[in-house]
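What you see below is based on every heavy atom in this structure, not just the backbone, and it leaves out hydrogens, waters and symmetry mates.
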Amino acid sequence: MSALVPALLAGLLVVIPSQQPARGTLVEHVSCPTDPTQTYTLYLPSTYSPTRKWPLLLVFDPGGRAVRAAEVFREAAERFGWIVAASENSRNGPWEPTLRAINAMWPALLGNYAVDEGRIYAAGHSGGATVAWLLAHQTGGIEGVIVSGQPDPPSEPSKGKPFAWFGMAGHTDFNLMEVKKIDDQLARTSNPHRMEFFDGGHQWPPSDLVARALGWMEMIAMKEGRRPRDQDLARTLYGEDIARARTLEDRSLLVEAWRSYGAIAASYRSLIDVSDAERRRGSLESDGRFKAARKAEDRADRRERDQAVALAAVLNRLTQDEVPLVAELRSRLNLDTLAKASRGEGYDAASASRSLALARIQLSTIMRDLRDKHDVRADVIQKVLDSIR
């Protein structure tokens, strides 16, 4: 499906008469002149003026909830001076509607507003994160993506240039392991990358973390020469980043704090002094509590990956002719063990909650397919789902 994405580039030279929607507020149902059936929710910073160029953020929500998605970025966009446009048509499902939305939005935004074409970004949650990734991966027209709950993307050669990636996931997001995998893969490339977690499940991140993401993109743009260097801004953002990492330490989220300090040092190095972040990371590495927490996280991650393999085997079992027993499926999925572990505390409990959430969503999907076919196995799956607490 991603092979279709470069088709949007054909529309980049379209010039559209200027329009001036309200600034400093979300404006819904802005239509695209080349295709009025395609609309988006727009946010122009209160200081917006066509006399200078502004970064643009294209946002994709898996359910087409454009206002909700744009609201996630509104506060940070106002602070840093970004234009935000969230598609009201793109959503999970067939690729064609999303491609149509992009083909209409892209020229409309570049033709209507003072966009810095060297600073166009994409953002998305879940399936919308896949859209943002493919847009950057296939076109070369996106400088960075800001995503939450991103599933593992298709493994295919990139047709574009390296882009910055800020990946996020809730502690109980069933795609957290996928986000970790993407971060590991990007560590072996030239793409700038950063990963942060937050309290919550499979959802858009909170506003404070979104601000970290946009601020990080500002730092990357400085380092790459796509915006003027601003040491005062860098020091301010650095201080905010350090404060957040220290909060993670105070909450005994030592592995997360360690990762954040490392990302902070890498992000601000060559812009300002990062010795504080480096020192704090080194201090954690010599702390026995951190060492134990990291080992425990590694063990939990291995169990979570094994659980995902077991779930895949169960889903395969459900495609066979024989109708399985509820007790058999529950046993294969280790549901009692997972339920007990999820009621605990710390990373182990979050890991168990993620495994249960993944089982729910994948079993629900196959159940709907079987029910549409009037297959009796749908009733078996429903009983398994009812037993997950």
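Contact of the Ser387 side chain with the Leu335 side chain is registered, since non-hydrogen atoms from C-beta on lie closer than 4.5 Å. The shortest distance between side-chain heavy atoms of Leu42 and Tyr40 falls below 4.5 Å. With a 4.5 Å cut-off on side-chain heavy atoms, Leu209 and Met168 count as touching. Looking at heavy atoms from C-beta onward, Val27 lies out of side-chain contact with Tyr43 at the 4.5 angstrom threshold. Looking at Leu233 and Phe80, their side chains come closer than 4.5 Å, going by heavy atoms from C-beta outward. Considering only heavy atoms from C-beta on, Thr39 stays 4.5 Å or farther from Val30 through its side chain. The side-chain heavy atoms of Leu254 and Arg289, taken from C-beta on, include a pair separated by under 4.5 Å. By the 4.5 Å heavy-atom criterion applied to side chains, Arg91 and Pro62 are not counted as neighbours.
Of all non-hydrogen atoms in Pro21 and Leu44, the two that sit nearest each other are O-CD1, 3.9 Å. Residues Val115 and Lys53 come closest through the heavy atom pair O-CD, 3.5 Å. Of all heavy-atom pairs between Ala234 and Ile272, the closest is O-CD1, 3.7 Å. Heavy atoms only, all atoms of each residue included: Arg23 and Pro45 are closest at CB-O, 3.5 Å. Considering every non-hydrogen atom in both Ala85 and Met105, the closest pair reads O-CE, 3.8 Å. Closest heavy-atom contact between Val147 and Ala132: CG1-CB, 4.2 Å.
Side chain of Gln382 to main chain of Met367: no donor-acceptor pair is present (N/O by atom type, distance under 3.5 Å, no hydrogens or angles). In this structure a side-chain-to-backbone donor-acceptor pair under 3.5 Å is present from Trp54 to Arg52. Here the side chain of Ser260 pairs no donor or acceptor atom with the backbone of Ala257 at under 3.5 angstrom. Looking at Ser331, its side chain never comes within 3.5 Å of a backbone N or O of Ala327 through a donor-acceptor pair. Remark: the backbone N or O of Asp276 is not paired with any side-chain donor or acceptor of Glu278 at under 3.5 angstrom. No donor-acceptor pair closer than 3.5 Å links the side chain of Arg360 to the backbone N or O of Leu385. Using a distance-only test at 3.5 Å, with no hydrogens or angles considered, no donor-acceptor pair links the side chain of His171 to the main chain of Gly200. Panel note: side chain Thr139, backbone Gly141; a donor-acceptor pair is recorded below 3.5 Å.
A salt bridge is defined here as a Lys NZ or Arg NE, NH1 or NH2 lying under 4.0 Å from an Asp or Glu carboxylate O, and Glu256 with Lys180 fails to meet this definition. A salt bridge does not link Asp184 with Lys181: every distance from a Lys NZ or Arg NE/NH1/NH2 to an Asp or Glu carboxylate oxygen is 4.0 Å or more. Using a cutoff of 4.0 Å between basic side-chain nitrogens and carboxylate oxygens, Asp375 and Lys373 are not scored as salt-bridged. Taking 4.0 Å as the cut-off between side-chain N and carboxylate O, Glu328 and Arg332 count as a salt-bridged pair. Look at Asp183 and Arg194 and you find no salt bridge, because none of the NZ, NE, NH1 or NH2 atoms lies under 4.0 Å from a carboxylate O. Salt bridge absent: Arg65 and Glu71 never bring a charged side-chain N and a carboxylate O closer than 4.0 Å. A salt bridge is absent between Asp61 and Arg68: the closest approach of a Lys/Arg side-chain nitrogen to an acidic carboxylate oxygen does not fall below 4.0 angstrom. A salt bridge is absent between Arg354 and Asp173; no separation between the charged side-chain nitrogens and carboxylate oxygens falls under 4.0 Å. Under the 4.0 Å criterion applied to side-chain N and carboxylate O atoms, Glu285 and Lys291 are not assigned as salt-bridge partners. In summary, Glu345 and Arg251 do not engage in a salt bridge, as defined by a charged side-chain N under 4.0 Å from a carboxylate O.
Checked against the 6.0 Å centroid threshold, His125 and Trp204 count as a close aromatic pair. Aromatic rings from Phe290 and Trp258 are positioned such that their centres are separated by under 6.0 Å. Ring to ring, Tyr48 and Trp82 are not that close: their centroids are 6.0 angstrom or more apart.
If you take CG on Leu338 and CD on Gln307, they are separated by 4.5 Å, rounding to the nearest 0.5 Å. Atom CD of residue Glu88 and atom OG1 of residue Thr37 lie 11.5 Å apart, to the nearest 0.5 angstrom. The CG atom of Leu358 lies 11.5 Å from the CG atom of Leu176; values are rounded to the nearest 0.5 Å. Taking CZ from Arg188 and NE2 from His193, the interatomic distance works out to 10.0 Å, rounded to the nearest 0.5 Å. Met177 contributes atom CE, which lies 8.5 Å from atom OG of Ser355 (distance to the nearest 0.5 angstrom). Interatomic distance, CD1 of Ile264 versus CZ of Arg259, reported as 13.5 Å (0.5 Å rounding).
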>> Could you walk me through whether Asn89 and Ser87 satisfy the side-chain hydrogen bond (donor to acceptor under 3.5 Å, both in side chains) test, starting with their C-alpha distance in whole Å, then the side-chain angles of each, then the deciding distance to 0.1 Å, before giving a yes or no?
In response: CA-CA 5 Å; Asn89 303 93; Ser87 172; 4.5 Å; no

> Could you go step by step and tell me if Trp133 and Phe60 meet the ring pair (Phe, Tyr, Trp, His ring centres under 6.0 Å) rule?
Replying inline: CA-CA 11 Å; Trp133 172 276; Phe60 303 94; over 10 Å; no

> Between Arg303 and Asp348, is a salt bridge (charged side-chain N to carboxylate O under 4.0 Å, His left out) present by the stated rule, with each step listed?
Replying inline: CA-CA 10 Å; Arg303 288 196 297 268; Asp348 275 342; 2.8 Å; yes

> Passes salt bridge (charged side-chain N to carboxylate O under 4.0 Å, His left out), Asp116 versus Arg227? Steps please.
Replying inline: CA-CA 10 Å; Asp116 183 346; Arg227 63 148 291 170; over 6 Å; no

> Given Asp232 and Thr236, is the side-chain contact (heavy atoms from CB on, under 4.5 Å) satisfied, shown in steps?
Replying inline: CA-CA 6 Å; Asp232 289 339; Thr236 296; 5.5 Å; no

>> For a side-chain contact (heavy atoms from CB on, under 4.5 Å) check, start with the C-alpha distance between Gln185 and Asp152, then their side-chain angles and the critical distance, and finish with the verdict.
In response: CA-CA 10 Å; Gln185 292 171 341; Asp152 194 22; 4.1 Å; yes

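Taking the six-membered ring for Trp and thresholds of 30 and 60 degrees, Phe166 and Trp216 have ring planes more than 60 degrees apart, a perpendicular arrangement.
One hydrophobic cluster, built from ILVMFWY side chains closer than 4.5 Å, holds both Leu237 and Ile146.
If you run salt bridge (charged side-chain N to carboxylate O under 4.0 Å, His left out) between Glu143 and each of Arg119, Lys161, Lys223, only Lys161 comes through.
No donor-acceptor contact under 3.5 angstrom links the side chains of Tyr268 and Asp273, judged on distance only. Counting only N and O atoms by type, the side chains of Thr130 and Gln150 include no donor and acceptor under 3.5 Å apart. Inspection of the Glu28 and Thr41 side chains reveals no N or O donor paired with an N or O acceptor under 3.5 Å. Between Thr172 and Ser353, the side chains place no donor N or O within less than 3.5 Å of an acceptor N or O (distance only, hydrogens not considered).
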Please table the atom pairs, donor to acceptor, closer than 3.5 Å between any side-chain atom in residues 242-250 and protein atoms at least two apart or in another chain.
residue	atom	partner	partner atom	Å
Arg244	NH1	Glu196	OE1	3.0
Arg244	NH2	Phe197	O	3.0
Thr247	OG1	Ala243	O	3.0
Glu249	OE2	Tyr261	OH	2.6

